[in-house]
Protein chains: 2
Amino acid sequence: MTAYTSYPQFYVSVDCVIFGFADGHLKVLIHQRPYAPGQGEMSLIGGFVQTNESIDTSAKRILKEFTGLDNVYMQQLATFGEVERDPGERVISIVYFALINVNDYDSTLSDIHNAKWVDVDSLPTLCFDHNDMVQKARHTVGETIKTEPIGCNLLPRYFTLSLLQTLYESILGTPIDKRNFRRSISEKDYIQATDMVDRSSSRRGATLYKFTSRNT
Amino acid sequence: MTAYTSYPQFYVSVDCVIFGFADGHLKVLIHQRPYAPGQGEMSLIGGFVQTNESIDTSAKRILKEFTGLDNVYMQQLATFGEVERDPGERVISIVYFALINVNDYDSTLSDIHNAKWVDVDSLPTLCFDHNDMVQKARHTVGETIKTEPIGCNLLPRYFTLSLLQTLYESILGTPIDKRNFRRSISEKDYIQATDMVDRSSSRRGATLYKFTSRNT
DNA sequence: TCAAAAGTGTTAATAGTACACCCATGA
DNA sequence: TCATGGGTGTACTATTAACACTTTTGA
């Protein structure tokens, strides 16, 4: 039980890159750090691992605290462990990213945590190595969305193909040909048309689609 | 400086999935765990993070201790943090994988550490969650080798195309068509022929190739 | 009637897959 | 002379990329 006592112990934190999609842009939830070091700087959502929880559980707890959400698509990204990454104390940080529907987000929590959604393409300077974390997370989301229907986690239940395309474009950072996009999407079996029509964004109206299995 | 004192601290270990290639098979270096818990069980190469080193540095140090090697291809894989993953104490383990040339391996270290190379396809039961670590590492190596010339780290400086193909087959776990393999490899610019011939494995002799830039 | 977004097919290029025989040599 | 591994090309299929016009409808 005590074979390890000669080894040092460390604070271990979890930082979450929480992605959302709004106004045609990929967004990240950040907040003002409430304590030193870096007090007042902008920061990813994070917290410390507790003794009674696994790191996955810890990530879910933190996400719930800041968004009000359970059952969210979440994935471990990487662990950041430079000695001086946190100028206060040595903290090893395990980074997760999450994809959430911003409409489900409990916006009353914004005030409590000084949190806000910012466009991933115009992110301010964040504390410590948090900008690196976002960059890496964004890259991974981009690679993943090419093959997996993870977009369902960022969109409302019903959505138009134009919105879906805008989502892909904002994640990948490149324009996509409309016809090629629609063909490739329809060859997969992720989504299906409904008989509903959205008239809010065009006179003609656009067919509303839904994901076939709402995978969390 | 003391804003974090109310949070718990943890032992943080690094476990390394060290891959080598010998006898036409992908191998992993494992050893007999010298201390409790799990004393005597087979284990990945690992150690504890020290206060004065980053986690990357820690991984390199551990690799050097067990193989004698510096400047090795190494990549962080994932962090394992179930509460009870180590039955002795709570230990959060950051996993790296490394690709080394088994000929460079200092085999005198085998005796010191009770280490041996075992075929990745007939791995014994390892302690804790180490089998999961190997499985995940192998998957990542397989994905990576499809697009990156990481094979150079597993092979001797000069090698035949047959050996290279065997390497790919052993990593991917599937047979590959010889002509297609040779074409696809020659379309990339990873490797170039030398004027040397290897006669050790065939009467006719096979052209020896080398990687164009020896990336570590 | 027109502005604005929705919707729709074809062609060319590229990448990937399947497949079988001759070559050079030492024993 | 023959057994062994080395070396080579072609046809088919699937995937990806490029590209422009018609439809619907509310203002």
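Nothing here was measured: the structure is a model prediction, and the numbers come from that model. Computation of the quantities below employed the complete heavy-atom set of this structure, encompassing side-chain atoms and omitting hydrogens, waters and symmetry-equivalent molecules. Letters A, B, ... mirror the listed sequences (proteins, then strands); counts begin at 1.
Using a 4.0 Å heavy-atom criterion, one finds that B:Thr160 contacts no nucleic acid atom at all.
Remark: B:Arg179, B:Asn180, B:Arg183 in residues 178-191 of chain B come within less than 4.0 Å of DNA chain C through at least one heavy atom.
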For residues 10-20 of chain A, dump all side-chain donor-acceptor pairs below 3.5 Å to protein atoms at least two apart in sequence or in another chain.
{"from": "A:Ser13", "atom 1": "OG", "to": "A:Ser93", "atom 2": "OG", "distance (Å)": "3.2"}
{"from": "A:Asp15", "atom 1": "OD2", "to": "A:Ser93", "atom 2": "OG", "distance (Å)": "2.6"}

*Quick one: do A:Tyr168 and A:Phe181 satisfy ring pair (Phe, Tyr, Trp, His ring centres under 6.0 Å)? Show the steps, please.*
CA-CA 9 Å; A:Tyr168 275 65; A:Phe181 177 75; 5.3 Å; yes
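The distance from atom CG of B:Asp198 to atom P of D:dG5 is 13 Å, rounded to the nearest whole Å. For the pair A:Leu164 CG and C:dG7 P, the interatomic distance rounds to 12 Å; values are reported in whole Å. The nearest whole Å value for the distance from the CG atom in A:Asp177 to the P atom in C:dA12 is 17 Å.
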Heteroatom pairs (N/O) under 3.5 angstrom, protein to nucleotides 25-27 of chain C:
none

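Taking the six-membered ring for Trp and thresholds of 30 and 60 degrees, B:Tyr73 and B:Phe97 have ring planes inclined between 30 and 60 degrees apart. The aromatic rings of A:His113 and A:His31 sit perpendicular to each other, their planes meeting at more than 60°, with 30° as the lower class boundary.
When distances run from any side-chain atom of A:Ser162 to the nucleotides D:dG7, D:dG6, C:dA6, the shortest one goes to C:dA6.
B:Glu41 is linked by a side-chain contact (heavy atoms from CB on, under 4.5 Å) to B:Cys127, counting only residues two or more places apart in sequence or in another chain.
Looking only at atom types and distance, the side chain of A:Ser107 has no donor-acceptor partner in the side chain of A:Ser110 under 3.5 Å away.
The stretch residues 193-213 of chain A participates, sequence neighbours left out, in no salt bridge (Lys or Arg N to Asp or Glu O under 4.0 Å) pair at all. Sorted by first and then second residue, the pairs that involve residues 106-122 of chain A and meet salt bridge (Lys or Arg N to Asp or Glu O under 4.0 Å), not counting sequence neighbours, are A:Asp121-A:Arg138.
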